Amino acid sequence: MELYFAALTSSLACRIALYEARADVTFIGVDFARRPLRSDHPHYAVHRLGLVPVLRTHAGVLLGETSAVLHHIAERFPAAGLAPQDRDELNRWLSFIASELHKSIFHPLFDPEAPAAVRAYALLKAGPRLAYMNDHLEGREFMFDTFSVADAFLFTVLNWVQATPIEFDVYPELLAYWRRLAKRPSIAQALAVERPLYQGMER
């Protein structure tokens, strides 16, 4: 297996899940220091839009989209227990994180070409959505009864709050959850690998 990733992007969730599964995988970094990627960048041969994550499966299939890759990892390594029994609920939460958090809030906030009005609108939408997640996590350690790929994805997205104007401390359950999961071995290991890579790109 091979995972094409860019440091501290949504592909971090897939790295975390692969660490949890103790999978035999090669990680291939895509340098997003200069975005958008040039049309001749080699990653376009892997993904037509130049996106990450992309997982090359055991069967040699190239699989994109964070939710789909996380699903594949959970199903490919059932002993890791990364998916709850209720797959419909897992689908619901992965879809929510991908569409209502990642794309609706953080994508416009991080897009250097997004107009100020678009960023302001994204921040306006952030409040109800983060409050919804905050309420779900009240009295819970994880999204479900045990750690799952949904937690890997949610942690990854919440990790981006630090680089935004969002006031994290008004969501105490989310903040406690993020701090708690940051200490989990698979997540701490993933951050230890990708933070220096990200800092190197920033420089």
Side-chain angles (χ1 to χ4, degrees), residues 3 5 8-23 25 52-53 55 63-107 109-110 122 125-164 166-195:
L3 181 73
F5 77 96
L8 299 186
T9 65
S10 62
S11 58
L12 177 70
C14 303
R15 179 187 289 273
I16 292 167
L18 289 164
Y19 283 172
E20 288 278 341
R22 299 184 179 182
V25 58
V52 292
L55 181 72
L63 180 63
E65 298 301 321
T66 306
S67 295
V69 173
L70 290 172
H71 265 293
H72 179 85
I73 295 169
E75 297 297 332
R76 180 69 178 77
F77 302 97
L82 293 173
Q85 288 188 339
D86 192 336
R87 296 298 200 269
D88 288 339
E89 275 295 284
L90 178 61
N91 286 336
R92 179 171 80 90
W93 282 115
L94 287 176
S95 296
F96 182 87
I97 296 166
S99 61
E100 300 299 328
L101 300 183
H102 182 186
K103 291 300 182 181
S104 294
I105 300 172
F106 293 99
H107 188 269
L109 290 180
F110 291 146
K125 295 177 71 174
R129 286 156 177 77
L130 293 175
Y132 180 64
M133 291 300 319
N134 189 79
D135 291 347
H136 174 73
L137 287 169
E138 186 173 0
R140 295 173 178 267
E141 184 176 3
F142 304 113
M143 291 282 292
F144 296 95
D145 291 338
T146 59
F147 184 87
S148 71
V149 289
D151 294 296
F153 200 2
L154 181 57
F155 174 86
T156 295
V157 171
L158 292 179
N159 199 50
W160 301 335
V161 172
Q162 305 169 89
T164 74
I166 294 170
E167 297 181 4
F168 213 171
D169 57 355
V170 302
Y171 308 105
E173 299 295 338
L174 280 181
L175 181 57
Y177 169 88
W178 173 73
R179 286 174 171 168
R180 185 168 62 248
L181 262 63
K183 300 176 183 177
R184 189 174 179 87
S186 62
I187 294 178
Q189 181 185 1
L191 290 174
V193 170
E194 295 202 7
R195 271 179 181 152

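On a predicted model such as this, the values are computed, not experimentally measured, just so you know.
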Output, in order, the C-alpha distance, side-chain angles, deciding distance and verdict of side chain to side chain contact (heavy atoms under 4.5 Å, CB included) for F77 and R22. CA-CA 9 Å; F77 302 97; R22 299 184 179 182; over 6 Å; no
Sequence-distant partners of T156, side chain to side chain donor-acceptor pair (under 3.5 Å), two or more places apart: none
Hits for salt bridge (Lys or Arg N to Asp or Glu O under 4.0 Å) against R76, two or more places apart or cross-chain, chain-then-number order -> none
Shortest non-hydrogen pair, C14 vs I73, comes out as O-CD1, 3.8 Å
If only atom types and distance count, is the side chain of R129 paired as donor or acceptor with the main-chain N or O of K125 below 3.5 Å? yes
Which residues share a side chain to side chain contact (heavy atoms under 4.5 Å, CB included) with A68, sequence neighbours left out: L63, E65
Nearest 0.5 Å please: distance from the CG atom of L8 over to the CD atom of E194. 5.5 Å
Compare every heavy atom of Y171 with every heavy atom of A131, then report the nearest pair and how far apart it is. N-CE2, 3.7 Å
Those residues that, when tested against Q162, pass side chain to side chain contact (heavy atoms under 4.5 Å, CB included) (two or more places apart): N159, W178
With no hydrogens and no angle check, do the side chains of Y177 and D151 hold a donor and an acceptor under 3.5 Å apart? yes
Residue pair D86 / L90, side-chain heavy-atom distance below 4.5 Å: no
Side chain to side chain contact (heavy atoms under 4.5 Å, CB included) against S186, all qualifying residues, sequence neighbours excluded: I16, Y19, E20, R184
R179: salt bridge (Lys or Arg N to Asp or Glu O under 4.0 Å) partners, not counting sequence neighbours: none
Closest non-hydrogen contact found for F5 with S11 is CB-OG, 3.3 Å
So, do F110 and T164 sit near enough that their side-chain heavy atoms are less than 4.5 Å apart? yes
Gap between atom CG of L70 and atom CG of L82 - 0.5 Å precision: 9.0 Å
With rounding to the nearest 0.5 angstrom, report the CG to CD distance, L130 to E167. 12.0 Å
Those residues that, when tested against E75, pass salt bridge (Lys or Arg N to Asp or Glu O under 4.0 Å) (two or more places apart): R87
How close do A126 and I105 get, heavy atom to heavy atom, and via which atoms? CA-CD1, 3.4 Å
Among residues at least two apart in sequence or on other chains, which ones pass side chain to side chain contact (heavy atoms under 4.5 Å, CB included) with K103? H107
As an exercise, state the distance from CG of L174 to CG of N134, rounded to the nearest 0.5 Å. 4.5 Å
Heavy-atom side-chain proximity of V149 to H71 below 4.5 angstrom: no
I'd like to check the salt bridge (Lys or Arg N to Asp or Glu O under 4.0 Å) partners of E89; sequence neighbours left out, ordered by chain and number. R92
Non-hydrogen side-chain atoms of L3 and P53 separated by less than 4.5 Å: yes
Checking H102 now: which residues fulfil ring-ring contact (aromatic ring centres under 6.0 Å, His included) with it, not counting sequence neighbours? W160
Side-chain polar contacts of residues 135-147 - donor-acceptor pairs under 3.5 angstrom, sequence neighbours left out - could you list them?
residue, atom, partner, partner atom, Å
H136, NE2, M143, O, 3.1
R140, NE, H136, O, 2.9
R140, NH1, M143, O, 3.3

May I ask you to decide if L101's main-chain N or O and S104's side chain share a donor-acceptor pair within less than 3.5 Å? no
Salt bridge (Lys or Arg N to Asp or Glu O under 4.0 Å): which pairs involve residues 154-164, sequence neighbours left out? none
Spatial distance of atom CG (L175) from atom CG (L158) [nearest 0.5 Å]: 9.5 Å
Just how far is it from atom CZ of F153 to atom OG of S10, taken to the nearest 0.5 Å? 6.0 Å
